[in-house]
Amino acid sequence: METRNIFNPLANKVAIVTGAAGGIGAATAILLAERGAAVVLADIALEPAQAVAARITDIGGRALAVRLDLADEASIRALIETAVGTFGRLDILDNNAADLSMGLRDADIETMDLEVWDRTFTVNLRGTMLACKHALPHLVKAGEGREVGGVIINTASNLALQGHIIQAAYSASKAAVIQLTRSIAASHGKRGVRCNAVLPGLTLSAAALENLPARLREIVESETLTPYLGRPEDLAHAVAYLASDEARYVTGQCLVVDGGTSTHVPGIAPFRAMVAEGL
Ligand SMILES: NC(=O)c1ccc[n+]([C@@H]2O[C@H](COP(=O)([O-])OP(=O)(O)OC[C@H]3O[C@@H](n4cnc5c(N)ncnc54)[C@H](O)[C@@H]3O)[C@@H](O)[C@H]2O)c1
């Protein structure tokens, strides 16, 4: 095995994090930079992405913010070219961005505007696929002459695992992201590229906190097995693991980071109350 730098495990690696202006993406970009990677922070919201990049460079890290619109293939191609042009290579693609502006407007298929479905799939699935498409030649190259090569981490959701009544388009787009992940792992594994997905459960990013009705938070909290809900840093650590050479034998996998919410029998909250009262 190649010698590892245990203090900066991602030293000499170049990463792109999409949706890095805030929330999970910002926490991930900061953590990857702390571990030694040069990070390109891509987001449709450029100014907040620049602010996160400045936080990284202020502490001595390497970072660049780039405006990205995942609905536009030319913008995605330009992002990859800028990353490789600036830092010389590409090792890690963290597809974190999603368009969450539709909120719960996709709850009911009968009344849902088609544009909600189309926009959701355009950004969350097509955008993720296009980022993979344009990054893959560079990720293959990253593995040439090395034991371990490039890596993609796609972002799905635990809502992609079960039927639910709140987000039909969103959860379908995320389920498709999981299958895309497996396809790329299969097609590019022998060329040195690993591809995995993280599946967050409810995570207290600013976006989630802003849009989350208090009742919904209570329900999820009662179904979560940990004493707390997740924070952006919890996802950042999962991504950093999958991005690292320590995960060299892990590909085509879904890492669910949801405090166990999706692992247990349905309706655990009333069962918990019953057990507390005595069986
Ligand atoms: N927070 C949660 O509870 C939760 C749960 C499950 C899955 N996720 C997933 O985690 C990821 C991050 O979520 P978050 O909670 O940090 O939300 P967030 O809103 O902070 O992050 C999403 C980012 O994507 C960017 N974006 C939106 N449309 C874009 C486009 N067209 N082009 C480029 N960038 C665009 C936004 O500007 C934003 O910065 C998303 O993929 C989301 O679906 C989050």
Side-chain angles (χ1 to χ4, degrees), residues 2-21 24-43 46 49-50 52-68 70 75-97 127-128 130-155 181 184-185 188-189 191-196 198 235-248 250-251:
E2 288 168 7
T3 317
R4 286 189 300 127
N5 183 337
I6 57 169
F7 298 106
N8 286 305
L10 301 179
N12 304 322
K13 301 216 187 231
V14 177
I16 291 175
V17 180
T18 69
I24 294 169
T28 303
I30 291 168
L31 185 62
L32 297 184
E34 284 172 354
R35 296 194 174 180
V39 183
V40 178
L41 299 94
D43 205 293
L46 180 59
Q50 284 171 326
V52 181
R55 280 177 61 187
I56 293 172
T57 50
D58 284 352
I59 55 169
R62 292 175 298 157
L64 173 74
V66 173
R67 187 180 181 280
L68 164 73
L70 278 171
S75 172
I76 296 168
R77 192 186 294 113
L79 162 70
I80 308 291
E81 282 169 7
T82 301
V84 175
T86 306
F87 293 116
R89 55 185 295 119
L90 180 63
D91 302 275
I92 299 162
L93 171 65
D94 177 29
N95 276 317
N96 164 77
T128 295
L130 286 172
C132 294
K133 172 185 168 181
H134 291 289
L136 273 166
H138 301 285
L139 296 173
V140 168
K141 208 168 164 205
E144 286 169 3
R146 284 183 165 190
E147 190 178 60
V148 288
V151 56
I152 296 172
I153 300 102
N154 291 326
T155 307
T181 300
I184 293 172
H188 281 70
R191 300 176 72 192
V193 178
R194 294 184 298 109
C195 185
N196 291 292
V198 287
L235 268 301
H237 281 99
V239 172
Y241 164 66
L242 291 171
S244 74
D245 292 353
E246 278 85 358
R248 64 197 277 272
V250 180
T251 193

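Throughout, numbering of the chain's residues begins at 1 and tracks the sequence.
Ile30 is listed as a side-chain neighbour of Glu34, based on a closest heavy-atom distance under 4.5 Å. The side-chain heavy atoms of Ile56 and Leu41, taken from C-beta on, include a pair separated by under 4.5 Å.
Of all the heavy atoms in Arg62 and Gly36, the pair that sits closest is NH2-O, 3.3 Å. Nearest approach of Val40 to Ala83, heavy atoms of both residues: CG2-CB, 3.8 Å. For the residue pair Asp91 and Ala142, the shortest heavy atom distance occurs at OD1-CB, 3.5 Å. Of all heavy-atom pairs between Ile80 and Ala135, the closest is CD1-CB, 3.9 Å. Taking both residues in full, the closest heavy atoms of Thr251 and Ala185 are given as OG1-CB, 3.5 Å, listed atom of the first, atom of the second, then distance. Pairing each heavy atom of Arg194 with each of Leu242, the nearest pair is NH2-O, 2.8 Å.
Each side-chain hydrogen bond (donor to acceptor under 3.5 Å, both in side chains) pair with one or both residues in residues 10-20, not counting sequence neighbours, appears once here: Lys13-Asp245.
A distance of 11.0 Å separates CD in Gln50 from CG in Asp43, rounded to the nearest 0.5 Å. From Leu68, atom CG reaches atom CG of Leu79 across 5.5 Å, with rounding to the nearest 0.5 Å. Asn196 CG to Thr155 OG1: the interatomic distance, rounded to the nearest 0.5 Å, is 11.5 Å. Atom CG in Leu136 sits 8.0 Å away from atom CZ in Arg191 (nearest 0.5 Å). Note that the CG atom of Asp94 and the OG1 atom of Thr28 stand 5.5 Å from one another [nearest 0.5 Å].
Counted within 6.0 Å of CZ on Arg55, heavy atoms from surrounding residues, nucleotides or ligands total 12 or fewer; the atom is thus considered open.
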Val151 and Leu139: side chain to side chain contact (heavy atoms under 4.5 Å, CB included), yes or no, with the steps?
CA-CA 7 Å; Val151 56; Leu139 296 173; over 6 Å; no
Please walk me through it: do Asn96 and Val239 pass side chain to side chain contact (heavy atoms under 4.5 Å, CB included)?
CA-CA 10 Å; Asn96 164 77; Val239 172; over 6 Å; no
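Remark: Asn154 engages Asn95, Thr181 in a side-chain hydrogen bond (donor to acceptor under 3.5 Å, both in side chains) (not counting sequence neighbours).
Partner Ile153 forms a side-chain contact (heavy atoms from CB on, under 4.5 Å) with one of Leu93, Ile92, Val17 and no other, that one being Ile92.
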